[in-house]
Structures are given as C-alpha cells and as structure tokens.
Peer 1: 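One structure is given below, represented as structure tokens, and several questions about it will come after.
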Amino acid sequence: MEPKILNYVITLANEKNFTKAARKLHLAQPSLSYQISKLEKELGILLFNRENEVSLTYAGKVFISHARQIINQFQQLNSEIIDVAEMKKGQLLVGSLAHTGAYMLPKTISRFKDKFPGIDLVLIEDTSVNLQLLISSGQLEIGLMSMPITNSELEKETILEEDILLAIPTHHWLASYEEVDLKDCKDEHFILIKEGNHFRKNTYDLCVQSGFEPKIVFESININTCQSLVTAGVGISFVPRMVVNEIQLTNKPIYLPIKTDKINPKREIVIAYKNNRYLSKAARAFINTMSELYN
C-alpha cells in the first residue's frame, strides 16, 4: 500500500464524490475509481458505499481514522527532516580536550547558537586517545584536539597553528631576552602538564630535540596552576599562545618566543571526524564557525 492511496481515500471521504475528489487530486475520475477499487480488493472489504452518495462503510471509517493519523505522521516527519536539513533543529555531539576547549569553545558555541538556536550541542571532554576512539566508533561526530592524531580512521581539518612560548619568572636571568634558545635551558627546573596530554608530549619533545631531557620539578593537570608556579619562582614552563591571550592572573610570568633553528615550537589544533562518514550540516557549520574565529 503506497502512502498516496491514503490521501485518495481521505479526499474521497471528504468530497463524497469521485468526480470532485479526482479533480481535487488532479487525477482522471476513472483512475481514482480504479485505485480505490484496487485497494478494496487488496483489503478484501468495501470502504465506500456507492449508492446515492459516496459514503464510508464501517470498515471505511476505521480505515480513515488510521489513515489520517498516518498522513499526519508523514507530514510531521517531512517537516522535521526539512527543519534538520535547513538547520532549524537537531543535535550535534562534540568532543574536546578540556584545556583547549576551555579557551576555544565558549566563543565558538556562542556564535554557533546565535546562528542556529535550534541545534542542541552536547559537549564531551576527555583525553585525546579516548576522543579518537569515541569518534571512530560513532559516539561523537567531531572532536577538537591537538596533533598528532594517531587513529587512522579519522580525518582532520586544521583550525589553528599557534606558537608554544616559554614562561619564566619576572626575576629570571632570561627576563631581558627577546627570545630563547631552548638548549640554554637544559639546567633549568621545568613545570609541565601531566602525562596523557598531547601538549605535554609536544613540549617534552621540544626539550629532547634541543639536546636534553627536562628536569621536571612539578606537574599539574591545570595549565593555569603551572603559570602560577612559574610566577612564584618554582621553575619555568611552556604555554600555548592562546593561553597567554586569555590567562587571568594578577601577576603573570614573562613569555618568550623560542628560537626555531632546529625545532618547531608550534602546536596544531584540529577538528577530527571519522573518514568516509557523512558529515552533518550541523557539524560542517560548527567547523566553519570555529575556522572563522581562529583561522
């Protein structure tokens, strides 16, 4: 039974006349009669009395009550699909690293919600490894994270490439320098983000590439805590430039660029998603919104 036949039955019941119903349906009258008769044969029961005036039989009344509900559900489904396609409603599951998301997501979400208020955003914060697994398994559609991405099932789009700076106390011997060669810091005490974070790996690798392993005196999961410890003179640390722009401390460290002769003191922030999978319009709009803000 095709959905259009339900509309034929409803229209005939309303018009009580094959000719009027056919005209309203833009059909030839014999074609409508044939379609209704064919349906009745399939069901094995008459839906309409055809004596003086076309009227519904008891079976016809039962049929049409359900037909109207089905047509209404089809119309609702059509409306909802159109709304989703036109970004009027829907849901987007977004993953993010906690530190990176704290600096990049508030502005992005605010602008996205202004443009698409009907899209519900669900945010999941986790480690890079877990986020990659959640995306590849379909539990998240997109994820904000830093390179490297190790999961071969994911594609990525670069949102931001930023400098990694060295944070030092204001009274430090490097305070008068305009930039620092990291190899000169081999005897310094370092305060680093705890292991499990890509920024920790990136910055540790910078030291190794400069010819030494850092002497780590303190680790924290919070980059602001690291900055406070630098200000207190406990050691020196690394900071992404975005943190420098957003950090809210009464007393701030001095932030120095790192020489780039043999190393690349930068980090790449990307949006990752599963390859060969349909990327929803909401996800594409979210990526575009973030790119507009940070590219």
Side-chain angles (χ1 to χ4, degrees), residues 96-110 123 125-128 144-148 159-270 290 293-294:
S96 176
L97 299 172
H99 297 101
T100 304
Y103 292 98
M104 298 184 71
L105 286 179
K107 290 180 181 178
T108 304
I109 291 173
S110 177
L123 179 63
E125 292 184 336
D126 213 322
T127 65
S128 180
L144 177 68
M145 58 191 78
S146 60
M147 290 294 289
I159 298 297
L160 172 70
E161 188 175 73
E162 63 172 347
D163 294 331
I164 296 175
L165 306 177
L166 191 69
I168 62 171
T170 54
H171 58 273
H172 196 272
W173 64 271
L174 285 170
S176 61
Y177 283 53
E178 293 185 359
E179 63 176 3
V180 59
D181 192 332
L182 204 53
K183 71 176 187 296
D184 294 334
C185 299
K186 60 180 174 37
D187 295 324
E188 295 292 325
H189 292 160
F190 281 84
I191 304 160
L192 297 184
I193 292 293
K194 283 191 173 181
E195 290 188 39
N197 186 295
H198 276 176
F199 189 70
R200 159 62 177 258
K201 184 180 186 311
N202 290 341
T203 52
Y204 191 95
D205 288 349
L206 287 178
C207 294
V208 173
Q209 291 164 16
S210 299
F212 68 95
E213 292 191 10
K215 297 176 181 177
I216 303 169
V217 295
F218 200 90
E219 297 175 314
S220 175
I221 62 171
N222 191 313
I223 202 163
N224 287 333
T225 300
C226 293
Q227 305 313 294
S228 296
L229 290 169
V230 170
T231 302
V234 176
I236 64 176
S237 188
F238 295 99
V239 184
R241 184 172 290 280
M242 74 168 64
V243 173
V244 174
N245 297 334
E246 300 290 340
I247 196 168
Q248 296 180 353
L249 293 175
T250 303
N251 298 310
K252 293 184 179 182
I254 294 174
Y255 299 105
L256 294 177
I258 300 170
K259 285 186 178 180
T260 60
D261 294 344
K262 296 182 180 180
I263 60 175
N264 182 29
K266 293 181 181 294
R267 73 163 180 167
E268 184 180 0
I269 306 298
V270 302
M290 182 166 279
L293 284 168
Y294 293 102

Peer 1: With side-chain contact (heavy atoms from CB on, under 4.5 Å) as the criterion, how do Ile159 and Met104 come out once you've worked through the C-alpha distance, each side chain's angles and the decisive distance to 0.1 Å?
Peer 2: CA-CA 10 Å; Ile159 298 297; Met104 298 184 71; 3.8 Å; yes
Peer 1: Looking at every non-hydrogen atom in both residues, tell me the closest pair between Leu97 and Thr127 and how far apart they are.
Peer 2: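 The answer is CD2-C, 3.9 Å.
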Peer 1: Supply the atom-to-atom distance Ile193 CD1 to Ile216 CD1, rounded to the nearest 0.5 angstrom.
Peer 2: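 If we round to the nearest 0.5 Å, Ile193:CD1 and Ile216:CD1 are 11.5 Å apart.
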Peer 1: If we only count heavy atoms from C-beta on, is the His189 to Phe218 side-chain gap below 4.5 Å?
Peer 2: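 With C-beta onward as the side chain, the pair stays apart.
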Peer 1: Which heavy atom of Pro240 sits nearest a heavy atom of Ile223, and at what distance?
Peer 2: CD-CD1, 3.4 Å
Peer 1: How many angstroms lie between atom OG of Ser128 and atom CE of Met147, to the nearest 0.5 angstrom?
Peer 2: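 Going from the OG atom of Ser128 to the CE atom of Met147 covers 9.5 Å.
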Peer 1: With rounding to the nearest 0.5 angstrom, report the CG to CD1 distance, Leu174 to Ile168.
Peer 2: 5.0 Å
Peer 1: State whether the side chain of Asp163 and the backbone N or O of Leu165 hold a donor-acceptor pair below 3.5 Å, judged by distance alone.
Peer 2: no
Peer 1: Would you kindly say whether Glu195 and Tyr204 are connected by a side-chain donor-acceptor distance under 3.5 Å?
Peer 2: no
Peer 1: Start with the C-alpha distance between Phe238 and Phe190, add both sets of side-chain angles, then the distance that settles ring pair (Phe, Tyr, Trp, His ring centres under 6.0 Å), and finish with yes or no.
Peer 2: CA-CA 9 Å; Phe238 295 99; Phe190 281 84; 5.7 Å; yes
Peer 1: Does a side-chain heavy-atom distance below 4.5 Å link Arg267 with Met242?
Peer 2: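 Counting from C-beta outward, Arg267 and Met242 do come under 4.5 Å.
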Peer 1: Hey, what do you get for OG1 (Thr108) to CG (Leu144), rounding to the nearest 0.5 Å?
Peer 2: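 The CG atom of Leu144 is 8.0 Å from OG1 of Thr108, to the nearest 0.5 Å.
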Peer 1: Identify, with sequence neighbours excluded, every residue that meets side chain to side chain contact (heavy atoms under 4.5 Å, CB included) alongside Lys186.
Peer 2: Phe212
Peer 1: Just jot down the side chain to side chain donor-acceptor pair (under 3.5 Å) partners of Asp205, sequence neighbours excluded, or say none.
Peer 2: Lys201
Peer 1: Report yes if some heavy atom in the side chain of Arg241 is under 4.5 Å from a heavy atom in the side chain of Ile164; otherwise report no.
Peer 2: no
Peer 1: Is it true that, when you exclude Tyr177 itself, more than 12 heavy atoms of the residues, nucleotides or ligands shown sit nearer than 6.0 Å to its OH?
Peer 2: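 Check fails, neighbour count at 12 or below.
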Peer 1: Is the closest side-chain heavy-atom distance between Ser220 and Lys194 below 4.5 Å?
Peer 2: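 A side-chain contact under 4.5 Å is absent here.
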Peer 1: If we ignore hydrogens and angles and just use 3.5 Å, is the side chain of Thr225 paired with the main-chain N or O of Ile221 as donor and acceptor?
Peer 2: no
Peer 1: Side chains of Thr231 and Leu229, heavy atoms from C-beta outward: is any pair under 4.5 Å?
Peer 2: no
Peer 1: Could you grab the distance from atom OG of Ser146 to atom CD of Glu162, nearest 0.5 Å is fine?
Peer 2: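 Atom-to-atom, Ser146:OG and Glu162:CD are 9.5 Å apart.
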Peer 1: What's the shortest heavy-atom distance between Asp181 and Lys259, and which atoms?
Peer 2: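 The answer is CB-CD, 3.9 Å.
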Peer 1: Side-chain contact test, heavy atoms from C-beta onward, threshold under 4.5 Å: evaluate it for Thr170 versus Pro253 and give yes or no.
Peer 2: no
Peer 1: Got a second to check how far Ser96's OG is from Leu123's CG, nearest 0.5 Å?
Peer 2: 6.0 Å
Peer 1: Looking at every heavy atom in both Val217 and Val234, which two are closest together, and how far apart are they?
Peer 2: CG2-O, 3.9 Å
Peer 1: Nearest heavy-atom pair of Leu182 and Cys207: which atoms, and what distance?
Peer 2: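 Result for this residue pair: CD2-N, 4.0 Å.
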Peer 1: With side chains defined as the heavy atoms from C-beta onward, is the minimum distance between Cys226 and Leu192 less than 4.5 Å?
Peer 2: no
Peer 1: To check you understand the geometry: which heavy-atom pair defines the closest contact between Asn202 and Pro148, and what is its length?
Peer 2: OD1-CD, 4.3 Å
Peer 1: Can you tell if the side chain of Ile236 reaches within under 4.5 Å of the side chain of His172, non-hydrogen atoms only?
Peer 2: yes
Peer 1: Apply side-chain contact (heavy atoms from CB on, under 4.5 Å) to the pair Gln227 and Val239, showing each step before the final yes or no.
Peer 2: CA-CA 8 Å; Gln227 305 313 294; Val239 184; 2.9 Å; yes
